Each structure stands twice: as C-alpha cells, then as structure tokens.
S.K.: 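Would you mind keeping the following structure in view while I ask a few things?
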Amino acid sequence: MLFDLHNDDINSLFSSSSTDVWEQDLSNSFSIDASTEGLQKVQLKCGADSMQIELKTKDDFTGVMYTRGSFYKQKAPCFMEGRGARSLTMKFPLSQCQTLQDGELFSNVIVVQHDPELVTTGDAAFQVECDFRKPRSITVGADFQARDSR
C-alpha cells in the first residue's frame, strides 16, 4: 500500500509542541529473565509490617532497584538508586509498592536494572514472598544474674 503525502502533510505529522511527551508504563507488559550477573547476594527480610531487600553486587552499582510498576514514579520506598556502592537496601511497608496480599501471604516483584534508564540483558526481576500463614516457634534464651541490693 502506498501513501501520497505532500510537504504540508509531512510537516503536520512531525510538528508537535516540545512539551508533548508520550509515556507508557510497560513494567507489567514485559518479562525480564532472572539473571545473577554481577550479583553477589540478594536477601529478603520479612518484618511484621514490611519487606526489606538487601542487594550486594560484585562491582559498584549505579543502576536502580524497584518494585514492578514503580519505575516512572521513582519515589522511595518503592524505588532506590544505586549511587556507586556495592550494597543497596530497600525497605517498604507491606501495604505499599504494589505488594499483593493473599490472606497472610504477601508478594512483590523486585527489578534490578543495571542501567538507570534502559532494561538490558543481565538485569533481573524476581518475586519475593513473606508468608505468615505458618506459625513459627522461636526459642529465646538468656543468662542473667540477680544481685542482692542489700
């Protein structure tokens, strides 16, 4: 199929104000394969009302770590920038950052992106879960000495 375009048509196609920007959040539309390239450790700590993800890298990290769906807002606690350190910690309430709740199971998807603007090979996305359905027993012990105050 051929189109017959004139200069006026072409100018109208490409003329727009410089403030017109097209954006689309694609974070739920694509899948990033899990990669451990450059990562030394990823640790999840589940608190009574929060999740904490600690990321340790082999080299200085200048990318970003965020929960799926939080890239465009780029606001803490759902988004963290690596500032050249080898350790990055993100802690957020279970009620925020697109955390899904199914009874006492809380889950989220964490994205580790090595370039702050582009998704590239070597980036990782992984699901984290805090499962409070199973009771856990913790044994606590303490040694102490009582002193007579007389």
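The model shown is predicted, which means the values in this text are computed figures rather than measured ones. Heavy-atom basis, side chains included; hydrogens, waters and symmetry copies ignored. In this chain, numbering begins with 1 at the start of the sequence shown.
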S.K.: Of all heavy-atom pairs between D123 and H114, which one has the smallest distance, and what is that distance?
M.R.: OD1-N, 2.8 Å
S.K.: Cluster question for you: counting only ILVMFWY and a side-chain heavy-atom cut-off of under 4.5 Å, with indirect links fine, are V111 and L100 together?
M.R.: no
S.K.: Measuring only between side-chain heavy atoms, which start at C-beta, is Y66 closer than 4.5 Å to Q113?
M.R.: yes
S.K.: With a 4.5 Å cut-off on side-chain heavy atoms, are S70 and Q98 touching?
M.R.: yes
S.K.: Can you tell if the side chain of V64 reaches within under 4.5 Å of the side chain of M80, non-hydrogen atoms only?
M.R.: no
S.K.: Is it true that L44 and F106 fall in one hydrophobic cluster, defined by side-chain heavy atoms closer than 4.5 Å?
M.R.: yes
S.K.: Answer with yes or no whether the hydrophobic clustering places I110 together with F61; edges join I, L, V, M, F, W, Y residues whose side-chain heavy atoms lie under 4.5 Å apart.
M.R.: yes
S.K.: Compare all side-chain heavy atoms of V119 with those of F71 and state whether any distance is below 4.5 angstrom.
M.R.: no
S.K.: Tell me, which pairs form a disulfide bond (SG atoms under 2.5 Å apart) where one or both residues lie in residues 100-132, sequence neighbours left out?
M.R.: C46-C130
S.K.: Going by atom types only, do E54 and Q52 share a side-chain donor-acceptor pair under 3.5 Å?
M.R.: no
S.K.: Restricting to pairs with a member in residues 88-105, which pass salt bridge (charged side-chain N to carboxylate O under 4.0 Å, His left out), not counting sequence neighbours?
M.R.: none
S.K.: Do F92 and V112 belong to the same hydrophobic cluster, where Ile, Leu, Val, Met, Phe, Trp and Tyr are linked whenever their side-chain heavy atoms lie under 4.5 Å apart, directly or via other members?
M.R.: yes
S.K.: Which heavy atom in S87 sits nearest to a heavy atom in K56, and how many Å separate them?
M.R.: OG-NZ, 4.1 Å
S.K.: So which heavy atom on V109 is nearest to which on A125, and how close?
M.R.: CG1-CB, 4.4 Å
S.K.: Same cluster or not: are F79 and Y72 linked, directly or through other Ile, Leu, Val, Met, Phe, Trp or Tyr residues, by side-chain heavy atoms under 4.5 angstrom apart?
M.R.: yes
S.K.: Please collect all disulfide bond (SG atoms under 2.5 Å apart) contacts where either partner lies in residues 53-117, sequence neighbours excluded, each pair once.
M.R.: C78-C97
S.K.: Once you round to the nearest 0.5 Å, how far does CE of M90 lie from CD of E81?
M.R.: 13.0 Å
S.K.: Nearest heavy-atom pair of N108 and R68: which atoms, and what distance?
M.R.: OD1-N, 4.3 Å
S.K.: Taking the side chain as everything from C-beta on, heavy atoms only, tell me whether Q96 gets closer than 4.5 Å to T67.
M.R.: no
